[in-house]
Amino acid sequence: MKNNKKGDSAKIEIELLLRKALRVQQEPSQQLNDSIIRQCEKRNEQGSGSDSG
């Protein structure tokens with residue numbers, strides 16, 4: 001029974017760490033998305049007539 005409690009607390013700890021990691025992972029990606037969108041907008045403004053692939 002004692003091992004079960006340790007396992008439960010470990011599971012909870014892992015879950016909290018995963019949530020924290022996901023939160024940290026999502027915040028920078030949102031900033032990245034914004035910067036990518038800005039770069040695309042700039043490119044579209046600069047080379048709206050040119051066809052670069």
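Treat the numbers as computed from the prediction; the structure is a model and nothing was measured.
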Roughly how far, to the nearest 0.5 Å, is the CD atom of Q39 from the CD1 atom of I37?
11.0 Å
Roughly how far, to the nearest 0.5 Å, is the CD atom of E41 from the CZ atom of R43?
12.0 Å
Can I get a per-line list of side-chain donor-acceptor pairs under 3.5 Å for residues 10-17, giving both atom names and the distance, sequence neighbours left out?
from	atom 1	to	atom 2	distance (Å)
E15	OE2	R19	NH2	2.9

